[in-house]
Amino acid sequence: MEDTSTDAPDHGRQAAGSGGWQRTSSPDGTVIAWRAEGPPVRGATRRTPVVLCNGIACSTGYWAPLVTQLVAARQVVQWDYRGHGRSGVPAARGATTIDDVLADLGAVLDAARITRAVVGGHSFGVQVALEAARRRPDAVAAVVAVAGAAGHPLPDGATTSPVSPLTMVQRAHGLEPDVVDRVWRRWWHSPLAHLLARAIGGTSLAAPPEVMREYYEHVSTRDIDVLLGMMQAMQAHDAGDLAGDLDVPLLVLAGDADRLTSLPRMAKLALDAPDGELAVCHGGTHTLPIEQPDWIVEQLLPLLDRVDALPAERSPPLTVAPGA
């Protein structure tokens, strides 16, 4: 049973579904669910915590295999976007912008008492992580971008063209909400949804079926207006201008079979950053976190060790000796 209430709970109040989930309030009153696992942060010997940002329409299931490996050594914070997972739906129907999402992340950081973290994102979460580095630079020690673009991730016109699928669904929902809700649920419960996702390179046979079923079930029960509004905000946003001025390490993890976020786009993000690094997983698609969690952890651990060893104030850019 998901928690969709919009009251303003105390930071320490547990969210419905337990499992360590807690609730905090965004500045506009929207309830945001979050969870911290692993050893607490302590003193000068602490290991830098990791904060994970989901893809749009996703809950935290995509991160589960990775989190299991990380929490033995450091604290990992997960959270659900507004209208997603255990978080509440905003009272104002248009409150789905990138500004709203970043306000939610700020509330989570404050509730979890995180002053400095490695912020990782998958898909839309890459835009969130990069924007967090812009807006709360002292809190972001490094950025990890997994199968996601810096901005404008969908094809041109995907959310603005009068005949685009998203626009047509949104208009139809305004006219016949009950009918569209029923069709929406049936589509995501249909095998065709998974076949289409595979056909466009959004996932592969390497993705565990039970995780994909959980994802489709999650999408099928979302508030359509909130979800489509957030997709429009995602497409309108671009943090690509930040990459050249990013003064913390950026680790870009890409799959060469991901046709939703192409390898050239991710390579450009890594090349534009002063301290950018690109690692490519052969055969990886857009569901890279659940396809290859061990590979992701293998790439991530050296970055975490490096950040742990740096002064807490800021992480300086990587310097390369001439001729290296």
Side-chain angles (χ1 to χ4, degrees), residues 47-55 62-63 66 70 74 76-77 98 101-102 105-106 109 114-153 234 237-256 258 260-281 284 286 288-289 292-293 295-321 324:
R47 293 195 173 185
T48 311
V50 174
V51 176
L52 298 173
C53 303
N54 303 329
Y62 274 26
W63 295 118
L66 181 145
L70 293 181
R74 70 185 67 241
V76 179
V77 174
I98 192 71
V101 174
L102 266 292
L105 174 56
L109 294 177
I114 297 293
T115 57
R116 180 175 176 268
V118 172
V119 181
H122 166 238
S123 191
F124 172 58
V126 173
Q127 295 172 245
V128 177
L130 288 169
E131 198 63 39
R134 186 203 309 271
R135 302 191 187 199
R136 294 187 63 149
D138 292 338
V140 179
V143 174
V144 180
V146 183
H152 307 311
M234 172 186 72
H237 172 259
D238 189 2
D241 63 314
L242 172 66
D245 297 323
L246 193 65
D247 62 352
V248 296
L250 169 65
L251 175 62
V252 177
L253 304 179
D256 63 5
D258 183 353
L260 294 184
T261 306
S262 68
L263 180 55
R265 292 194 73 182
M266 299 208 69
K268 183 180 186 304
L269 177 60
L271 289 170
D272 285 348
D275 187 2
E277 177 184 356
L278 172 69
V280 181
C281 180
H286 203 64
L288 189 59
Q292 298 292 338
W295 179 84
I296 290 180
V297 171
E298 182 181 349
Q299 312 309 311
L300 184 56
L301 289 179
L303 172 68
L304 295 177
D305 289 341
R306 177 182 159 205
V307 171
D308 288 344
L310 292 172
E313 291 78 17
R314 297 294 285 160
S315 302
L318 178 68
T319 57
V320 180

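Note that these values count all heavy atoms, side chains included, but never hydrogens, waters or copies made by symmetry. We're numbering straight along the sequence, starting at 1.
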Would you confirm whether [X], through its side chain, and [Y], through its main-chain N or O, come within 3.5 Å as a donor-acceptor pair?
| X | Y | answer |
| --- | --- | --- |
| His122 | His286 | yes |
| Asp308 | Thr48 | yes |
| Gln127 | Met234 | yes |

Rounded at 0.5 Å granularity, tell me how far [atom1] in [X] sits from [atom2] in [Y].
| X | Y | atom1 | atom2 | result |
| --- | --- | --- | --- | --- |
| Leu253 | Trp295 | CG | CH2 | 4.5 Å |
| Met266 | Asp258 | CE | CG | 8.0 Å |
| Leu66 | Gln292 | CG | CD | 12.5 Å |
| Leu251 | Leu300 | CG | CG | 6.5 Å |

Nearest heavy-atom pair of [X] and [Y]: which atoms, and what distance?
| X | Y | value |
| --- | --- | --- |
| Pro274 | Ala243 | CD-O, 3.3 Å |
| Gly148 | Thr261 | C-CG2, 3.5 Å |
| Val248 | Ala141 | CB-O, 3.5 Å |
| Gly255 | Leu288 | N-CD2, 4.0 Å |
| Ala133 | Leu246 | CB-CD1, 3.8 Å |
| Val126 | Gly121 | CG2-O, 3.3 Å |

- Message: Tell me every residue that passes side-chain hydrogen bond (donor to acceptor under 3.5 Å, both in side chains) with Asp256, counting only those two or more places apart in sequence or in another chain.
- Response: His282
- Query: Which residues satisfy the side-chain hydrogen bond (donor to acceptor under 3.5 Å, both in side chains) test with Asp241, sequence neighbours excluded?
  - Reply: Arg134
Check: [Y] and [X] side chains under 4.5 Å, non-hydrogen atoms:
| X | Y | answer |
| --- | --- | --- |
| Val77 | Pro49 | no |
| Leu130 | Leu269 | yes |
| Arg135 | Ile98 | yes |
| Leu102 | Val128 | yes |

- Item | Working for side-chain contact (heavy atoms from CB on, under 4.5 Å), residues Leu105 and Val51 | CA-CA 9 Å; Leu105 174 56; Val51 176; 4.1 Å; yes
- Result for side chain to side chain contact (heavy atoms under 4.5 Å, CB included) between Arg116 and one of Asp138, Leu109, Val307 points to Val307
- Message: Could you work out, with side chain to side chain contact (heavy atoms under 4.5 Å, CB included) as the rule, every residue matching Leu301, not counting sequence neighbours?
- Response: Leu70, Val297, Leu304
